[in-house]
Amino acid sequence: MRRRRYLAAAATGLAGALAGCNGLGLGVLGPSGEWKLRAMPADPEASDYTCTLEESFVTAHPNLETALSRAADGERGSWSDPVYLDAETGNELGADMADYCKGGFRGVYFYDGDAFFVSLIDRKPGNGKGHDH
């Protein structure tokens, strides 16, 4: 458990976002403990950093699967309807994505033949910890 907390903090602190100004954000762990997850279709060439999300990884994270599914028929530049996560689930997803994607963020995520931006942010931006571009 301590390792996961460290990884979540390191992953979010390291990048500060799952995309930052490239269009996706992973807010730093905030005191609200509530997270908003969403995705949008992306230009596959939008970033030099990419990560392919295998089916087994996505199905192990049903909230991520839901967000990607919602975005699959969307338009570039339009976020999918969000999925709201509790603190533990949001922290775990952030840490697992950092591990799976080798700590890299700010990129394009490929899943099921499509390219996406993914955003995981603190729901209460008034605390100054989360952001979304």
Side-chain angles (χ1 to χ4, degrees):
M1 184 69 163
R2 178 175 275 178
R3 179 178 180 268
R4 283 189 182 251
R5 283 188 186 151
Y6 172 77
L7 286 173
T12 56
L14 180 73
L18 267 175
C21 295
N22 283 341
L24 32 146
L26 171 66
V28 176
L29 299 177
S32 72
E34 297 172 350
W35 296 90
K36 178 170 68 172
L37 172 67
R38 59 193 181 165
M40 81 164 93
D43 176 347
E45 304 294 322
S47 176
D48 289 337
Y49 178 80
T50 62
C51 179
T52 299
L53 302 172
E54 299 295 330
E55 180 78 22
S56 60
F57 179 82
V58 175
T59 57
H61 297 282
N63 293 306
L64 178 59
E65 186 173 30
T66 298
L68 293 171
S69 175
R70 289 178 180 177
D73 294 326
E75 296 179 22
R76 287 186 191 161
S78 295
W79 290 107
S80 65
D81 289 334
V83 177
Y84 295 99
L85 310 174
D86 59 44
E88 182 178 344
T89 304
N91 291 341
E92 185 174 304
L93 177 59
D96 288 352
M97 287 188 76
D99 284 346
Y100 188 84
C101 293
K102 311 290 188 258
F105 291 106
R106 299 179 184 258
V108 174
Y109 295 85
F110 290 96
Y111 175 66
D112 198 26
D114 294 317
F116 298 95
F117 290 127
V118 176
S119 171
L120 179 63
I121 60 170
D122 192 311
R123 281 183 57 181
K124 298 185 179 179
N127 65 27
K129 300 292 184 184
H131 70 276
D132 187 322
H133 298 275

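Position 1 is the first residue of the sequence, and the numbers go up from there.
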Identify the two heavy atoms, one from [X] and one from [Y], that lie closest to each other, and give their separation to 0.1 Å.
X    : Y    : value
A42  : V108 : CB-CG1, 4.3 Å
Y109 : C101 : CE2-SG, 3.7 Å
T59  : S56  : OG1-O, 3.3 Å
F117 : P41  : CD1-O, 4.5 Å
R76  : P44  : NH2-CD, 3.8 Å
M40  : S78  : CB-O, 3.2 Å

Hey, what do you get for [atom1] ([X]) to [atom2] ([Y]), rounding to the nearest 0.5 Å?
X   : Y   : atom1 : atom2 : result
Y84 : W35 : OH    : CH2   : 14.0 Å
H61 : T66 : NE2   : OG1   : 12.5 Å
L93 : E88 : CG    : CD    : 12.5 Å
L37 : D81 : CG    : CG    : 12.0 Å
E92 : D86 : CD    : CG    : 9.5 Å
T50 : E45 : OG1   : CD    : 9.5 Å

Please confirm whether the backbone N or O of [Y] pairs with a side-chain atom of [X], one donor and one acceptor, at under 3.5 Å?
X    : Y    : answer
Y100 : C51  : no
R70  : A39  : no
T52  : F110 : no

**OP:** Report yes if some heavy atom in the side chain of E55 is under 4.5 Å from a heavy atom in the side chain of Y111; otherwise report no.
**Re:**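 Answer yes - side chains close enough.
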Original post:
Step by step, would you call L68 with S80 a side chain to side chain contact (heavy atoms under 4.5 Å, CB included)?
Top reply: CA-CA 8 Å; L68 293 171; S80 65; over 6 Å; no
Original post:
Under the side chain to side chain contact (heavy atoms under 4.5 Å, CB included) criterion, do L120 and L85 qualify, and how do the steps go?
Top reply: CA-CA 9 Å; L120 179 63; L85 310 174; 3.7 Å; yes
